[in-house]
Protein chains: 4
Amino acid sequence: MGMIGGGNNAFIGAIHRIAANMDGLIELSCGALSSNPDTARASGKSLLLPENRIYTSYEEMIKNERSLSENERMDFVSIVTPNHAHIGPALMALDNGFHVVIEKPMTFTLEEAKQLQQKVKETGLTLALTHTYAGYPMVKQARSMVQSGTIGKVRKIYVEYPQGWLSQLSEKEGNKQASWRTDPSRSGKAGAMGDIGTHAAHLAEYISGLQITELCADLNIVVEGRALDDDGAVLLRFNNGASGALIASQVAAGEENALKIRVYGEKGGLEWHQMEPNTLLVKWLDQPTQVYRAGQGYLSSFAKFNTRTPGGHPEGYLEAFANIYRCFALTLDAKMNGNVPTPEMLDFPGVEEGVRGMAFIENVVASSKSSQKWTSFKI
Amino acid sequence: MGMIGGGNNAFIGAIHRIAANMDGLIELSCGALSSNPDTARASGKSLLLPENRIYTSYEEMIKNERSLSENERMDFVSIVTPNHAHIGPALMALDNGFHVVIEKPMTFTLEEAKQLQQKVKETGLTLALTHTYAGYPMVKQARSMVQSGTIGKVRKIYVEYPQGWLSQLSEKEGNKQASWRTDPSRSGKAGAMGDIGTHAAHLAEYISGLQITELCADLNIVVEGRALDDDGAVLLRFNNGASGALIASQVAAGEENALKIRVYGEKGGLEWHQMEPNTLLVKWLDQPTQVYRAGQGYLSSFAKFNTRTPGGHPEGYLEAFANIYRCFALTLDAKMNGNVPTPEMLDFPGVEEGVRGMAFIENVVASSKSSQKWTSFKI
Amino acid sequence: MGMIGGGNNAFIGAIHRIAANMDGLIELSCGALSSNPDTARASGKSLLLPENRIYTSYEEMIKNERSLSENERMDFVSIVTPNHAHIGPALMALDNGFHVVIEKPMTFTLEEAKQLQQKVKETGLTLALTHTYAGYPMVKQARSMVQSGTIGKVRKIYVEYPQGWLSQLSEKEGNKQASWRTDPSRSGKAGAMGDIGTHAAHLAEYISGLQITELCADLNIVVEGRALDDDGAVLLRFNNGASGALIASQVAAGEENALKIRVYGEKGGLEWHQMEPNTLLVKWLDQPTQVYRAGQGYLSSFAKFNTRTPGGHPEGYLEAFANIYRCFALTLDAKMNGNVPTPEMLDFPGVEEGVRGMAFIENVVASSKSSQKWTSFKI
Amino acid sequence: MGMIGGGNNAFIGAIHRIAANMDGLIELSCGALSSNPDTARASGKSLLLPENRIYTSYEEMIKNERSLSENERMDFVSIVTPNHAHIGPALMALDNGFHVVIEKPMTFTLEEAKQLQQKVKETGLTLALTHTYAGYPMVKQARSMVQSGTIGKVRKIYVEYPQGWLSQLSEKEGNKQASWRTDPSRSGKAGAMGDIGTHAAHLAEYISGLQITELCADLNIVVEGRALDDDGAVLLRFNNGASGALIASQVAAGEENALKIRVYGEKGGLEWHQMEPNTLLVKWLDQPTQVYRAGQGYLSSFAKFNTRTPGGHPEGYLEAFANIYRCFALTLDAKMNGNVPTPEMLDFPGVEEGVRGMAFIENVVASSKSSQKWTSFKI
């Protein structure tokens, strides 16, 4: 793996490295870890990369790695730069035969997302999008249960993602994370909706197997002086007639990372909280609620495939993240060895989900500006 | 107290009687317990009412009680009939000098609600509206904390009320509760929004001290064959610039009565769940969340005034209900004795809240039909 | 009902009155509410008792009520005095043909308890002991499930009752509750073990249907200057070979009233917390834990019989308390009318449980003093 | 790192490898992964170890690694064999200059533990004992708060560790884990008390900073046909006068890995659950309970040092495990580079804790057999 971005002090880069490294399947072999050459070099050194594989630009990295022997060179790039700097390295990596792991939201614009989708199609290479929360075993269990009809036809989806970390104007007080995420020139058209709303929307579609067809959004800039939405709520309609609501806020003071989803069908309901991720509540019309737990024998093959520990030994965010890398790596490995990846291996978000995520951003922004209630979900 | 409606097998009538009776301040002295004379008589007998004060119509009851001596006659009526049968007895009771306790939603239409408001004004009598959830001590604590500025200016309000009991077409299978609540001729313009959405809206306004000024509603009939909404979501705007979302569903399969509210301000947030009502979570920007508990010495005078037991001895729904009756009774008692009721006594929902509740129903129904995103909250 | 003790400012007397009054089956008709005549009179007045039935001693009350006509006189006494003042009124009431409700622990000594047991046997009258926690519907559900073999043969029982209210020497600072409960001349041989340990022991035996046969106790006086144990732990052995542990502490700083019990059998386990009393967790060897909830249709007849509200409308401590009074009243009513009370009616703690509770106190105190590990549970 | 034991299908070996690998500080460079040479070889291959560093016995590994250059050879061994096979490789590793990571309980007997303690002392090398639960950040926070006097002098410690996985005679049905853990010739004198009771005892001493001085144990073989205790309860006395209770059971049907500890002092209490490890409840006499959360800025330096993600991104069991390896590695690194490790680095369990753990086993077994109530904690 060669990493692009994620130099010293970058939050998400460090997370990606732990995740990629977790299962002993992936090795960080090179990096262009910062657009600042000094930071790139210092970061590479502190990660013990060989001097000759510490690059100061992604172009240099991709070109040079391409020139190495197949055994030696990286197999894929991992792109963890701010959103506006995704498309360049992604396209170049694919053009040079490298698979891609990429942070969400996938690109800066929907247009770029479609371009990337086209490129993936052309090259036949694999792209993984790190919608981390889809990596949790109990999320996969929820999806399995919806698919197998356990709760009947889905009627309602409530997904909420309250955070409180942008309750003050932190971007003006030297908070680096806040700085780029609230900056339209680096983050894109949306703030909270791009950063966490896309996670929520993906989770809703992933678990339910449905697609949003219409939405009605109310985005707000709550903290004065901010340039992008830090809060919003969206009414949703899905392609099977179900409806729902999505909440994403970064000004819910005192909340940490409280992503939660509930899906109700004709026969029962499912509830999952990211902050207690090893539990899935399964509710029934006339029977007691059941507490499904990660690591147990009664779970679906998809849930089991994404678990390392027995019940009661909690796995968390890093393991969910690692599950995406692991599935991606096992898929690459199978393909490279002429094997067919199993459905469990293939169960990671890719370029299609990336396109839908970017479309979600553009559609909620358009809807929020519109005085019409419903906006069709266009791609 | 004279009860109108609430005969044998009526759910809410029995609840009202326990609540009214809880603190030894109120006695059921007569009743017109059913529009069916046989049921009215049987119900009166089973409640051990004196034969001559078991009435077969509210008209008879009000007229006859009026003719009794002041000492003997009932002080107020409690109206627990279906919504369409509220206005008649309410007006007649007031016209005859009786105070009124009335179930929510207050009337069948907004027009009726305003009429009742006018009548209350004219007569100077007291009307209590049983928005039960406003009777919980930790709801009062939440209100106190908002009022005293503890969480700063309110920015966001999320209130949700998922139930699952109408997930099937129970009204066609002999469920009496389901039958009238889903019937437009008895329930009114709205189903779930009238039954539980009004509770949610009241709770939001009560705790925050704000008023809804605009809303954007999406009401649904999820179960085929039903005549009124059994589900809905509403985006909200409040008179201080805050925004919010309200969810009310009776098809959230497997949910019981899961009313929950979260209010976020500049400095912190509050969270309360009806199903664990003795806890109020108080969240802070940079300090640990605090778990406020009913029965503790650090609570506001309003919370303490509505508590009977020390911390850890859970009170519940019936006590919350009883708090409304108790405050109402203490207010009447103070007034009758020429005293000024304390602010704690006066803290129960009344006719103003009833008008706002009816306006909420009419506005969400109008908004749901509109293709415009925002509908002004009109009264 | 005639109440003995429970005058103004007495905590438990007020609770008893609300509980007795809850279901409209019992009326407070007279009282000897304090051993202090002035307090007795003032308390009677503030409860609106008729002047001539406000008594200043229990002897006067019992004698006078006895002289009234059967229709007029009280049916039973409720004894809510400190422990040392239970036996006198209890015996006299029974001797005069009055049934008895009595606070736990039943008497001051085991000897007295046996005397009372003998008297109940002789008179054929009914005695109810207010082990409140046995009145909760989900406790009854737990008992039903053990009885029906749902969790298999019981192997382990953990019961714990941490409180924090005696973490300081409050009895020296004017806390009336603390004052008598920590005073050996009014409370008896044990402090915390008598006050709350007896509740825990009863709950363990009630749910499991087992009896403690041996115990190993470690009682402590944690707060210097206190005369009775304020803390203790007890290892338990039961008559089917099961073992367990019981914890009772009043110096667990920050705890409210955190009674909790877990019972494990060959096939599964049960868990109940008093502070969230409407939930019973049912655990299985290889299946998801189930969340049984009060008010639901799938519960046992005993659980249903002790519930007033539908699922999700929480009942609490006062309702559990009221369930004991209600079952007692329905039993009396059935007997007085020549009917056979149902098993559900008869399911309230009585004199046998009172004797076992007093034996528990004497045995834990003896065990705590012993250097031998195990002490046989003697009555 | 060279691993001894932990071949294919060994539960804890895989966990150790993930944990050691987590932070990029440690590399698995060789292994003697099984006492069965074929398994050793197959396991080494599947872990991609270089052929010449896949050993078939620990003796071979230690001897051969010793002969490599300092740069090349492993720095330490990780011993993950069953308990009876700890002492041999541990002593030999130390004798040959290798540091040691070792699973708990540290040895087969207390005698061996003291021998190992002596050897560590002589060699000046470092030994880490994987009491995983001491690696959780919120456990460290609890310890910090006790140390700084936040809750005042400690009075009570309740620690419990219920599991249900040995509710049936699984060791006779091919469960490999059950097989060796219930076998006295591989596990030692105690079953559940050795496997999980030692964790509980360590946690109590670690958080409180106290030492057990006396205990009173009741160990049981609940499942017929089993050779070692599968259940037990222990009353505890600590060296500051505090008392407590410890529960460890593997027949608590339906429980996963429900380690929980509560520590009460004069001013407040602490509560931590392993299955929701990122929360520490801090309770107060007269103020609301506080919910301390991992990843927050208000935590102690020890808690922060052992956290990788911001609040609300749950870390779990593997991260806690990794914290022990990370602190161990950073300590080695500091020492090797002539630096003084920080207190945070040095905060991992070592040989002293291992000796106390083995003493705990011997003392509880002795106490359980004794008819005397209290047994002095002897080493």
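Heavy atoms only: backbone and side chains are in, while hydrogens, waters and symmetry mates are out. None of the values given here were measured: they were computed from a predicted structure. Proteins come first, then strands; the chains are lettered A, B, ... in the order of their sequence lines, and each starts at number 1.
- Interface summary for chain B: among C/Ala14, C/Ala322, C/Gly311, the most heavy-atom pairs under 4.5 angstrom belong to C/Gly311.
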Please evaluate residues C/Met22 and B/Ile18 with respect to the criterion side chain to side chain contact (heavy atoms under 4.5 Å, CB included), reporting the C-alpha separation (whole Å), side-chain torsions for both, the decisive distance (0.1 Å), and the verdict.
CA-CA 6 Å; C/Met22 176 90 63; B/Ile18 295 176; 3.6 Å; yes
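- C/Glu173 CD: more than 12 foreign heavy atoms inside a 6.0 Å radius.
- Interface check for chain C: of the options B/Trp165, B/Phe11, B/Tyr317, the most heavy-atom pairs under 4.5 Å are formed by B/Tyr317.
- In this structure the side chain of B/Pro314 reaches within 4.5 angstrom of the side chain of C/Pro277, judged on heavy atoms.
- Most heavy-atom pairs under 4.5 Å with chain C: of the set B/Arg17, B/His313, B/Glu255, B/Met275, this distinction falls to B/His313.
- No more than 12 heavy atoms of other residues, nucleotides or ligands sit less than 6.0 Å from atom CD of C/Glu51.
- Considering only heavy-atom pairs separated by less than 4.5 Å from chain C, the leading option among B/Gly24, B/Gly295, B/Pro310 is B/Pro310.
- Residue contact with chain B, scored on non-hydrogen atoms closer than 4.5 Å, involves the side chain of C/Glu276 exclusively.
- Contacts with chain C were tallied for B/Arg293, B/Gln163, B/Gln296, B/Glu315; B/Arg293 has the most, counting heavy-atom pairs under 4.5 Å.
- Taking C/Glu256, C/Glu319, C/Arg308 one by one and counting their heavy-atom pairs under 4.5 Å with chain B, the maximum is reached by C/Glu256.
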